[in-house]
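Everything on this sheet refers to the single structure shown next.
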Amino acid sequence: MENKCFNQEVSPKVYIETMGCQMNKSDTERILGMLSYFGYEETTDPKDADLLMVNTCSIRQLSADKAYSLIGVWGKWKAEEHSKKLLKKPFKNIKIAFCGCVAQQDKEKLLKRFPYVDLVFGTNNVYELPDLIKRINAGERVCATNETPKKFTDGEEEKKYPIKRAKSLNAWIPIMEGCDNFCTYCIVPFTRGRERSRKPSEIIEETQKAIRQGFKEITLLGQNVDSYGKNLDPVKDYDGREVTLANLLRDLNKIDGKFRIRFVTSYPTDISDDLIKAVKECDKVCEFFHIPMQSGNSKVLKEMNRRYDRETYGEIVKKIRNAFEDVAITSDFIAGFPGETEEEFLDTLSAIEEFELDYSNTAAYSPRVKTKAAKWTDKFIDENTKSQRLARLNEKNREASLKSNQKCTGKTFEILVESYEEKDNQIILAGRARNNKIVHFNGEKNCVGQFVNVKITGASTWHLKGELI
Ligand code: SAH
Ligand code: SF4
Ligand code: F3S
């Protein structure tokens, strides 16, 4: 049998630390699935692992630095292990692997910089892992960072290996990967390559399987999930139908069972009228849109190479709000983009208010190699101003989130119960409404995994309180 190929007497153990977005989390589930197929057991204790892996994110310098410092710690362990001082087992041959977006970006440089790293593999090489592991176990140091994406080309590997999904009610289902937009600040087109979509039949099959396994929610993933289908052929891939996210949602909605469907992340101008219509038609699809705006100022948006201005973004938001009663719209913003003036920054604060955004992820601009904006050093905003703007942005976001939550009081939401906590002899349940708001309420442990109706009785900045009805 194939999974004996590593020839180990006891199952080797793998520890993987995942940084970054849901796409990385989804890659980790595929990596763990592949490794378990070849006999690896997952451990949550890095000191117990034979194979240490970090799945990295490169979106900001801070994320990359986090990966470098973790690798530094593991390198020390590896050295100590060789002198048999620290670890639980008497002797192990620890291997260290560096993957994800920083690996795709830095390539061989990582092997040079970190002499104790055995394997560097990029986002396009995930399915070569079995072969790569064999090579490092034979003593080689390997760097595999293809520029051409292999994933989603024929789907064969995806069917062959199991997916080791995280313990959760939600299953991540990647439907497209990569980005053709080249926003001037963003590294993603360089780490994830050009856009490509998976065939509808594969996505439907994977969803059916996840629902059979008991998942209560699926989240369709893509860097620009709403441009799904662009590279697919309607005739060959979809019985002559237009391959769009809207049509895919309609098909997934037909799958039997009680479950929810979500999708992230949407590019504002790729949200079509038909997509809004599909979300409205499909009872399983949640009324929740994550639509990063990035800046509230049209000139900055132009310099960011975003394909919309403030007004266009506002019109899209309005269209969505008019279509639904309890929809939530969330966003991402960058503070201190090169050249951003105080007035332009104020437009970002006013956009959050004007468009009544329910919640936003925020970040200070971080220059990334290869991107256009990183070369505009003469326009860089000093660190102090950037962090002050970020603090003000966060304050505005807190206000917006509280306001949005307060609007929910008195309403009744269907909640998918995700977890419980015991506090002062009471069971406090936590779950999500269809609009993705987190709700806490008293109940029984066995409600976890169930859909229940909850009346909202109170609101704080980051969550709602309610009562089971
Ligand atoms: N595809 C999505 C965003 C994916 S990246 C979109 O187009 O909106 C996730 C978020 O990281 C972005 O929305 C942006 O707000 C942030 N980000 C990306 N590059 C950044 C950089 N160089 N500095 C700071 N934040 C950045
Ligand atoms: Fe990055 Fe822009 Fe692509 Fe989003 S659309 S992943 S921000 S380049
Ligand atoms: Fe980070 Fe790569 Fe995702 S850079 S945000 S892990 S696509």
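Just so you know, ligand 1 is whichever comes first in the structure, and atom 1 is the first atom listed for that ligand. Model, not experiment: these values are computed from the prediction.
Counting heavy atoms from C-beta outward, K403 and E356 have side chains that stay 4.5 Å or more apart.
Residue contacts with ligand 2 include R306, since one of its heavy atoms falls under 4.0 Å from the ligand.
Near Q223, with a cut-off below 4.0 Å to any heavy atom, the atoms of ligand 1 are 1 (N), 2 (C). Atoms of ligand 1 found under 4.0 Å from any heavy atom of Y365 (numbered from 1 in listed order, with element): 23 (N), 24 (C). For ligand 1, the atoms sitting less than 4.0 Å from at least one non-hydrogen atom of N224 are 1 (N), 7 (O), numbered in the order shown with element in parentheses. Below 4.0 Å from some heavy atom of Y185 lie the following atoms of ligand 2, by number and element: 7 (S). Applying the 4.0 Å criterion to heavy atoms of A364 picks out, from ligand 1, the atoms 23 (N), 24 (C).
With hydrogens left out, the protein atom closest to atom 17 (N) of ligand 1 is I59 CG1, 3.8 Å, a heavy atom. In terms of protein heavy-atom proximity, atom 22 (N) of ligand 1 is closest to S366 O, 2.8 Å. Considering only non-hydrogen protein atoms, atom 25 (N) of ligand 1 sits nearest to R60 NH1, 3.3 Å. The single protein non-hydrogen atom nearest to atom 14 (C) of ligand 1 is Q294 OE1, 3.4 Å, given as residue, atom name and distance.
Near ligand 3, residues C21, N24, C57, S58, I59, C101, R192, Q223 come within 4.0 angstrom through at least one heavy atom.
For R306, every heavy-atom contact with ligand 1 shorter than 4.0 Å involves the side chain, none the backbone.
Protein N, O or S atom count below 2.8 Å of atom 3 (Fe) of ligand 2: the structure gives 1.
Within 4.0 Å of atom 4 (C) of ligand 1, not a single protein heavy atom is present.
Side chains of Y359 and N405: no donor on one and acceptor on the other come within 3.5 Å.
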